[in-house]
2 protein chains.
Amino acid sequence: MAQTIKTGKNSPLKASCQQCSLSNLCLPLAVSDDDLDRLEDVIQQGQIYSRGDYVFEQSTPFRSCYAVRSGAVKTSIVTENGDEQVTGFFLPGELIGLDSMSSSSYACSAKALERTSVCELPVEHLDDLTHKLPGLQHHFFHLMSQEIQNSHQLALMLSKRTAEERIASLLLSLSGRFARRKLSPTQFNLPMARNDIANFLGLAVETVSRVFTRFQNQGLIRARGREVELLDLDALQNISQEDDQPACGRKGC
Amino acid sequence: MAQTIKTGKNSPLKASCQQCSLSNLCLPLAVSDDDLDRLEDVIQQGQIYSRGDYVFEQSTPFRSCYAVRSGAVKTSIVTENGDEQVTGFFLPGELIGLDSMSSSSYACSAKALERTSVCELPVEHLDDLTHKLPGLQHHFFHLMSQEIQNSHQLALMLSKRTAEERIASLLLSLSGRFARRKLSPTQFNLPMARNDIANFLGLAVETVSRVFTRFQNQGLIRARGREVELLDLDALQNISQEDDQPACGRKGC
DNA sequence: CGTGAGTTTGAGTAGCCTCAACCTGAGTGG
DNA sequence: CCACTCAGGTTGAGGCTACTCAAACTCACG
């Protein structure tokens, strides 16, 4: 039974992790085919959200993590006094909800930025599963530590980088993540509004807009609304990790 | 064997988690006495670091997580071009290294801010252990998600808060963590230098210094070097979560 | 008693925010 | 089909927060 390769005909909602082009992103490579079958038993696939829908909302009971299949999601936290911080953008193959693992309620809200489909991983089952599949536990530790590192990188950006550096970084990050999915690393549509970018990077919308036009005037990018084309990746790279110290490059200066 | 209550005489390096006053902080409450014994078999206790020593350094092979027993530790990440971001301060009962779980090398460096003793949890053993003790796995998920949330809170501070708000928040955070250990929440020594505070909060040292004196002049705190006394917790609380919008308080404004 | 790291204070500056106006394009309804 | 609307985006002017640079102070330490 475990070895039967399901074609997806008889149980359309399951058995497609194996065929999913994203499985090498969201699932542990270490997991065997056998294990995949078990995983598929608990994963609910194909839920669809329209633009603006919440996948889950902060402070509601925590039930599941979600893997993005298509579309894009933004997560954000809101404080008592109402200000919001976008904590991440999630593209296909990426997992949402790790910051709430083992909490009783969601630590952030997740909102679909466009028409989005996700796979749901109910945590109740996950607890058993990770117990049975050591590889999966390992994978979750990995994903969560990755998430911590991402967040630390964000903190570094927010505290040390200029507006231009932050935006160059974001563009390159998106570029890399598109590339990973075999899409063009230089030409893509931003799934999020300027507002979201500004909030995420700790800037005012106006600043984001100004930097975009500045980059465009310098011939680094071509941007029309959410369409962007990265014309000079090297230059963006240089900007994104600009050195404070002028010239030199040595430590002894 | 598992039930023998060790007094600490015959194996001084083990068997003291049960007596450790911090165990309710760093260890899962869910873990039973039996399990504690197993934990103690793999935990190496009592390593001492002097001020300035590294508990571990970024990019070196990841081997262990560490629980702070006494003293204080700061963690920081360093980029290629040399700038540093302090990512956290860790007091007794808190766990370091979670951001490196399941990586091959440490994602940050951990430096003792004063004479510090730690307990080491080698990860190789942890993998088996979490398998045997479901509660422990749960606890790690919890700690890691907590770490993600902390980091998101930091990001929010860095992107949305003024210098005064950030420093008030930090003071209150420390206050709360001292209180948790039954120490005075209003009178304590800062384990870190102004420089570390500045870096952590994304400010210049001078700004930190200025805010401290401003708070002092307003009668909110008393500060002499690293000694601080919080004189008006309520006021600090108000400052730390100040509302941007003037007056009103309603959403409809 | 010099030395140097850590801290404080002051003066001037710059990057980004705020406020305000205008533009653009998609959706709506007459 | 065109005017209207509204959200999202762009552009400009001015101001403020926190930075930079510079200097003085404190204190632990050899």
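What you see is a predicted model; the values in this text were computed from it and never measured. Every chain is numbered from 1 and lettered A, B, ... according to where its sequence line falls, protein lines coming before strand lines.
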Does the side chain of Ser240(B) pick up a donor-acceptor pair with the side chain of Glu165(B) at under 3.5 Å?
-> no
Atom pair distance, as rounded to whole Å: CD in Gln216(A) and C1' in dT11(D) = 14 Å
Which of residues 189-199 of chain A have a heavy atom under 4.0 Å from DNA chain D?
-> Ala193(A), Arg194(A), Asn195(A)
Looking only at side-chain N and O atoms, does Ser209(B) come under 4.0 Å of OP1 or OP2 in dT7(C)?
-> no
Sequence neighbours excluded, which residues qualify as side-chain contact (heavy atoms from CB on, under 4.5 Å) partners of Ala110(B)?
-> Val55(B), Phe56(B), Val73(B), Thr75(B), Ile96(B)
How close or far is atom C1' of dT10(D) from atom CD1 of Ile167(A), stated in whole angstroms?
-> 13 Å
Using a cut-off of strictly less than 4.0 Å, decide whether Thr213(B) has a side-chain nitrogen or oxygen near OP1 or OP2 of dT8(C).
-> no
Using a cut-off of 4.0 Å between protein heavy atoms and nucleotide atoms, how would you tag nucleotides 22-30 of chain D 5' to 3' with B, S and -?
-> B----S---
Which one, dT7(C), dA11(C), dT18(C), comes nearest to the side chain of Arg226(B)?
-> dT7(C)
Quick one: which of dG9(D), dT9(C), dG12(D) gets closest to the side chain of Arg210(A)?
-> dG12(D)
Not counting sequence neighbours, which residues clear side-chain contact (heavy atoms from CB on, under 4.5 Å) with Glu227(A)? List them please.
-> Asn189(A)
Sequence neighbours left out, what pairs pass side-chain hydrogen bond (donor to acceptor under 3.5 Å, both in side chains) with at least one residue falling in residues 104-115 of chain B?
-> Ser50(B)-Arg115(B)
What is the distance, rounded to the nearest whole Å, between atom CG of Asn217(A) and atom P of dT10(D)?
-> 12 Å
Where at least one partner belongs to residues 174-229 of chain B, residue pairs that pass ring-ring contact (aromatic ring centres under 6.0 Å, His included), sequence neighbours excluded | Phe89(B)-Phe200(B), Phe178(B)-Phe188(B)
Is the shortest distance from a Lys or Arg side-chain nitrogen in Lys160(A) or Asp83(B) to a carboxylate oxygen in the other one below 4.0 Å?
-> no
Considering residues at least two apart in sequence or located in another chain, which fulfil the side-chain contact (heavy atoms from CB on, under 4.5 Å) criterion with Ser159(A)?
-> Gln85(B), Leu158(B)
Would you mind reading off the distance between Glu165(B) atom CD and dA18(D) atom C1', rounded to a whole angstrom?
-> 14 Å
Rounded to whole Å, the CG-C1' distance (Leu203(B) to dT8(C)) equals 16 Å
Please give, in whole Å, the distance from dC16(C) C1' to Leu158(B) CG?
-> 16 Å
Arg214(B): what forms a salt bridge (charged side-chain N to carboxylate O under 4.0 Å, His left out) with it, not counting sequence neighbours?
-> Glu164(B)
Could you check how far CD of Glu227(B) sits from P of dT8(C), rounded to whole Å?
-> 13 Å
Quick one: list whatever passes salt bridge (charged side-chain N to carboxylate O under 4.0 Å, His left out) with Glu94(B), sequence neighbours left out.
-> Arg177(B), Arg180(B)
When you check the side-chain N and O atoms of Ser76(B) and Glu84(B), is any donor under 3.5 Å from an acceptor?
-> yes
Contacts of Arg51(A) that satisfy side-chain contact (heavy atoms from CB on, under 4.5 Å) - sequence neighbours left out | Arg226(A)
Spacing of Arg161(B) atom CZ relative to dC17(C) atom C1', expressed in whole Å | 17 Å
Determine which pairs satisfy ring-ring contact (aromatic ring centres under 6.0 Å, His included) with at least one residue from residues 145-168 of chain A, sequence neighbours left out, and list them in order.
-> none
What bend angle does the helix from dC1(C)-dG30(D) to dG30(C)-dC1(D) show across its length, from five-pair end axes and to the nearest 10 degrees?
-> 30°
